[in-house]
Amino acid sequence: GENVEQHPSTLSVQEGDSAVIKCTYSDSASNYFPWYKQELGKRPQLIIDIRSNVGEKKDQRIAVTLNKTAKHFSLHITETQPEDSAVYFCAASKGDYKLSFGAGTTVTVRA
Amino acid sequence: EAGVTQFPSHSVIEKGQTVTLRCDPISGHDNLYWYRRVMGKEIKFLLHFVKESKQDESGMPNNRFLAERTGGTYSTLKVQPAELEDSGVYFCASSPLAGGLDTQYFGPGTRLTVL
C-alpha cells in the first residue's frame, strides 16, 4: 500500500518567518495530495490540495509544490502568524478515495 | 451548512467492553469514511462507504470492528470486545460525489480510551 513519510515531526518558527513541511510518497500512481490543518481540539480541515497534473499551487500565504519524479511534495507557509500554530498532515491518494496520511507536523509559531 | 458530527466526543471503557461510535455526515454526501489516529501516529484509513454499501474495508484491523451505514445516512462503528490497542482518535469524513475525487470533510473525532 501507499506509504507517506512526513518531516519534520515538530517545527518551531519565529512569527513572520517561513515554515516548510516535506512529504514523500511511495506509490507512483498517487495523483491527489491534500494538506490538512488541525488546531488544538478541532477537526482536521483542508487548507490546500494539488493534483498530479500541476507542479505548484498557491493560496495567499500557503503554497504546495509537487515533484512527481522524486515523489515528494511540500507545504510552504510564508509570513507565519500565531494562528498558524497547529498540526499539519499531508496525504496522498490514487483516486480510489482512500487517503494515506503522514504522521503529522506540529508547528509552533513563536511571537 | 452543518459539518460532519461525531458522537461521543470522548469515551472511556474497560477492556472487553463494547463501544459504538456514531458519525453523521454532511447532508447529501454519498461517501463516508472512517479513519483512526493512534498515539500521535499517522491517520489511518479504516473503511469507505458509498451510500449504504461498503466500498473498501481494507483498513479494518480485525473482526472486532463492525461498521454500518443503514439507509445511507449516518454510520456507526462498533468495537466488540475492545482491546487496549484500540485506543485512539476515530475520525469520520464525508465527501459529496460518487464517482469523483472530492475534498473529504472531517468530523471532530471521537477519542476512545480503553483501560
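Chain identifiers are assigned alphabetically (A, B, ...) following the order of the sequence lines, protein sequences preceding nucleic acid strands; residue numbering begins at 1 within each chain.
Neither the backbone nor the side chain of B:R111 has a heavy atom closer than 4.5 Å to any heavy atom of chain A. Contacts of B:S9 with chain A are absent, with no heavy-atom separation under 4.5 Å from either backbone or side chain. With a 4.5 angstrom heavy-atom cutoff, A:Q6 does not touch chain B via any of its atoms. At a 4.5 Å heavy-atom cutoff, B:V89 makes no contact with chain A through either its backbone or its side chain. With a threshold of 4.5 angstrom between heavy atoms, A:P34 does not approach chain B through any atom at all.
In summary, the side chains of B:K44 and A:S100 do not present any donor paired with an acceptor at a separation below 3.5 Å, with no hydrogens or angles considered.
B:L32 and B:V79 end up in the same hydrophobic cluster when Ile, Leu, Val, Met, Phe, Trp and Tyr side chains are linked at under 4.5 Å. Under a hydrophobic clustering in which Ile, Leu, Val, Met, Phe, Trp and Tyr are joined whenever their side-chain heavy atoms come within less than 4.5 Å, directly or via other members, A:I48 and A:L66 fall into the same cluster. No path of Ile, Leu, Val, Met, Phe, Trp and Tyr side chains, each step under 4.5 Å between heavy atoms, connects B:L21 with B:L115, placing them in separate hydrophobic clusters. A:V20 and A:I47 are not part of a single hydrophobic cluster, where members link through side-chain heavy atoms under 4.5 Å apart. Hydrophobic clustering (side-chain heavy atoms under 4.5 Å, transitive across Ile, Leu, Val, Met, Phe, Trp, Tyr) keeps A:F101 apart from A:F33.
Most heavy-atom pairs under 4.5 Å with chain A: of the set B:R37, B:Q6, B:K41, this distinction falls to B:R37.
B:L47 CG to A:K98 NZ: the interatomic distance, rounded to the nearest 0.5 Å, is 11.0 Å.
Within 6.0 Å of CD in A:Q14 there are more than 12 heavy atoms belonging to other residues, nucleotides or ligands. Surrounding CG of B:L84 are more than 12 heavy atoms belonging to other residues, nucleotides or ligands, all under 6.0 Å away. Residue-environment remark: NZ (B:K78) stays at or below the threshold of 12 foreign heavy atoms within 6.0 Å. Residue-environment remark: CD (A:Q81) exceeds the threshold of 12 foreign heavy atoms within 6.0 Å.
B:Q104 contributes a side-chain N or O that, together with a main-chain N or O of A:Y97, makes up a donor-acceptor pair within less than 3.5 Å. With hydrogens and angles disregarded, a donor-acceptor distance shorter than 3.5 Å links the side chain of B:Y35 to the backbone of A:L99. A:R43 contributes no side-chain N or O that, together with a main-chain N or O of B:F91, makes up a donor-acceptor pair within less than 3.5 Å.
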Between A:K42 and B:F106, is the side-chain contact (heavy atoms from CB on, under 4.5 Å) condition met? List the steps. CA-CA 10 Å; A:K42 297 190 177 181; B:F106 277 72; over 6 Å; no
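Considering every non-hydrogen atom in both B:G107 and A:P44, the closest pair reads O-CD, 3.8 Å. For the pair B:T103 and A:Y36, the tightest heavy-atom approach, listed with the atom from each and the gap, is CG2-OH, 4.5 Å.
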